[in-house]
Amino acid sequence: MTSLQKVCVLGQGYVGLPTAAVLASVGHTVVGVDTNEKIINMLRMNTLHVEEPGLQQLVHQAVSAGHLTFSTFPHRADVFVIAVPTPVNPNRSADLQYVESATRSLIPVLEAGNLVILESTVPPRTVEKVMLPILQETGLAMGSELLVAYSPERVLPGRVLAELVENSRVVGGISEESTKRAQELYASFVKGEILCTNVTTAEMVKLVENTYRDINIAYANELAKICEKIGINVWEAIELANYHPRVNVHRPGPGVGGHCIAVDPWFIVDVAPELARLVRLGRLTNDSMPDYVVAKTSSMVSPRSKIAILGVAFKGNVDDVRESPAVEVIRRLRECSYELGLYDPYVKRFEGSNTTDLRKAVTDAKLILVLTDHSKFRELNVVEISKLVAVKRVFDTRNCLHRVSWEAEGFEYVLMGDGSCRQRAATFAAEAAASTEDRVLPE
Ligand code: SAJ
């Protein structure tokens with residue numbers, strides 16, 4: 001067990017705030033730092049800007065126990081954890097301005113023996129090329145007097161507190177001492193394994209994970225298009241393939257959203273554009289899915305008709321719309337002059353309008369278009385919806401509704417990636433012909 005430390009966590013977003021709270025909950029003295037004064041003032045009044053199960057209570061407890069305070073600038077400490085955003089520039093290179101400014105803000109407070117850990121997702125060699133030149137301004141010897149490490153956050157929104165503690169953690173320092181000290185800090189709250197490597201490998205590991213997922217989803221999306229073309233159901237094909245002990249094909253959908261998987265692969269492209277061909281193709285394939293959904297939707301319902309959209313969030317059971325493929329589909333359908341009714345029980349408001357009124361969204365709709373796999377959609381009152389819509393037709397891009405209930409109410413159920421309806425009809429016709437021949441031939 002490591003000794004209790006004074007820790008400054010820079011960036012109080014969906015990773016920084018939970019990390020600060022968890023560190024404080026095991027007894028470290030933590031200052032949560034954010035340059036956004038509004039956020040800090042809210043946190044001081046115990047109002048959280050991040051919605052995450054259990055977080056409100058954990059922050060409240062840590063603050064009440066005197067282990068967690070908030071500030072707009074870093075204080076002297078033993079350890080500094082940087083968890084700031086790393087968006088992607090319009091030209092798809094990484095925007096490292098927040099990593100740079102957070103690192104720079106440490107210069108006045110750093111002392112010999114301190115440890116600086118970066119957790120933000122970054123292109124490989126960011127610590128070496130971007131942070132170290134700034135940190136050298138302290139005059140401290142890098143890796144011996146000032147310890148520096150990288151450890152990627154790998155938590156899933158909605159499960160952040162559990163995953164912060166339970167997931168394995170990768171830690172890579174610029175020196176052995178840096179790695180060791182960072183490992184000790186994480187060992188104070190991580191129950192999963194702590195895996196040590198060098199700093200640049202640790203940076204790459206995070207990108208390897210999210211890009212694996214992006215390419216896998218791109219493969220599923222490509223399969224969906226192919227299966228539609230050849231008349232089979234991609235969901236069934238993937239499910240059966242996944243029975244193989246070494247196969248795990250992901251799920252097709254209207255595209256990949258969120259601030260991680262839709263962004264991180266570009267950081268690999270950033271460092272080796274000429275080599276990252278598959279990575280780029282995966283990204284482009286997933287980015288093409290909203291177009292595909294819009295084209296299929298347009299073939300089902302004519303412009304100026306009303307479409308009810310179920311789901312605006314980038315994935316199921318979250319209220320986050322960042323990079324959401326649903327937002328892209330909505331934008332394009334509006335451009336094509338469709339009237340849209342939006343329903344999302346998590347997002348609640350989108351572009352200034354209420355999205356919690358299901359009745360309003362589906363009334364007079366000629367199509368129900370499902371774009372997010374919220375679990376709540378399986379419990380929808382189909383009987384009531386069937387009385388409100390103008391045409392009983394559903395296009396499910398996520399395979400997340402209870403198909404039988406919708407078909408029982410007379411809905412035509414179109415599942416993205418399922419070309420089997422056409423094929424089934426052809427199979428029945430062929431079977432009928434074959435059975436006639438069977439009867440005729442022996443005689
Ligand atoms: N999606 C599919 N098909 C699938 C799985 C996901 O279309 O089979 C879509 C989702 O609907 C969503 C997008 O992909 O639009 C991303 O969702 P996600 O659940 O795959 O990932 P995130 O962005 O919520 O979180 C990921 C996680 N990384 C991995 O699972 C490898 C998380 O552990 C990381 O901490 C997080 O990125 C991050 O911060 O990088």
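Ligands are counted one by one from 1 in listed order, and the atoms in each one are counted from 1 as well.
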- Is there a side-chain contact between Val33 and Thr72 (heavy atoms, below 4.5 Å)? no
- Query: Taking distance alone, with no angle check, do Val155 and ligand 1 share an N/O pair under 3.5 Å?
  - Reply: yes
- Query: Can an N or O of Glu163 be found at a distance shorter than 3.5 Å from an N or O of ligand 1?
  - Reply: no
Proximity winner for [atom], if only heavy atoms of [options] are counted:
atom	options	result
atom 24 (O) of ligand 1	Lys315, Glu119, Glu153	Lys315
atom 16 (C) of ligand 1	Gly258, Ser120, Gly257	Gly257
atom 26 (C) of ligand 1	Asp264, Ile261, Asn221	Ile261
atom 20 (O) of ligand 1	Arg159, Arg154, Arg213	Arg213
atom 12 (C) of ligand 1	Tyr14, Phe314, Tyr212	Phe314

Can you name the closest pair of heavy atoms from [X] and [Y] and give their distance?
X	Y	value
His374	Val318	CE1-O, 3.5 Å
Cys400	Phe377	SG-CD1, 4.5 Å
Pro325	Arg398	CG-NH2, 4.3 Å

Using a strict cut-off of less than 4.0 Å between a Lys/Arg side-chain nitrogen and an Asp/Glu carboxylate oxygen, indicate whether [X] and [Y] qualify as a salt bridge.
X	Y	value
Arg213	Glu209	no
Lys296	Glu228	yes
Arg169	Glu119	yes

- Item | His67 and Ser25: CA distance, side-chain angles, deciding distance, side chain to side chain donor-acceptor pair (under 3.5 Å) verdict | CA-CA 7 Å; His67 289 304; Ser25 74; over 6 Å; no
Any [X] heavy atom less than 4.0 Å to ligand 1:
X	answer
Arg398	yes
Val15	no
Thr121	no

For ligand 1, is any non-hydrogen atom under 4.0 Å from [X]'s backbone (N, CA, C, O), its side chain (CB onward), both, or neither?
X	result
Pro157	side chain
Asn216	neither
Lys206	side chain
Arg251	both

So which heavy atom in the protein is nearest [atom], and how far is it from that ligand atom?
atom	result
atom 25 (O) of ligand 1	Leu156 CD1, 3.4 Å
atom 28 (N) of ligand 1	Asn210 OD1, 2.9 Å
atom 36 (C) of ligand 1	Cys260 SG, 3.4 Å
atom 1 (N) of ligand 1	Ile217 CD1, 3.5 Å

- Ligand-side contact atoms (ligand 1) for residue partner Val256, heavy atom cut-off under 4.0 Å: 13 (C), 14 (O), 15 (O)
- Hey, which atoms in ligand 1 end up nearer than 4.0 Å to a heavy atom of His250? 8 (O)
- Query: Is the cationic atom of Lys306 (NZ for Lys, CZ for Arg) positioned less than 6.0 Å from the six-membered ring centroid of Tyr338 and within 45 degrees of its normal?
  - Reply: no
- Item | Geometric cation-pi criterion Lys206 and Tyr150, 6.0 Å radius, 45° cone | no
- Query: Going by the ring-ring contact (aromatic ring centres under 6.0 Å, His included) test, which pairs reach into residues 172-195, not counting sequence neighbours?
  - Reply: Tyr186-Phe189
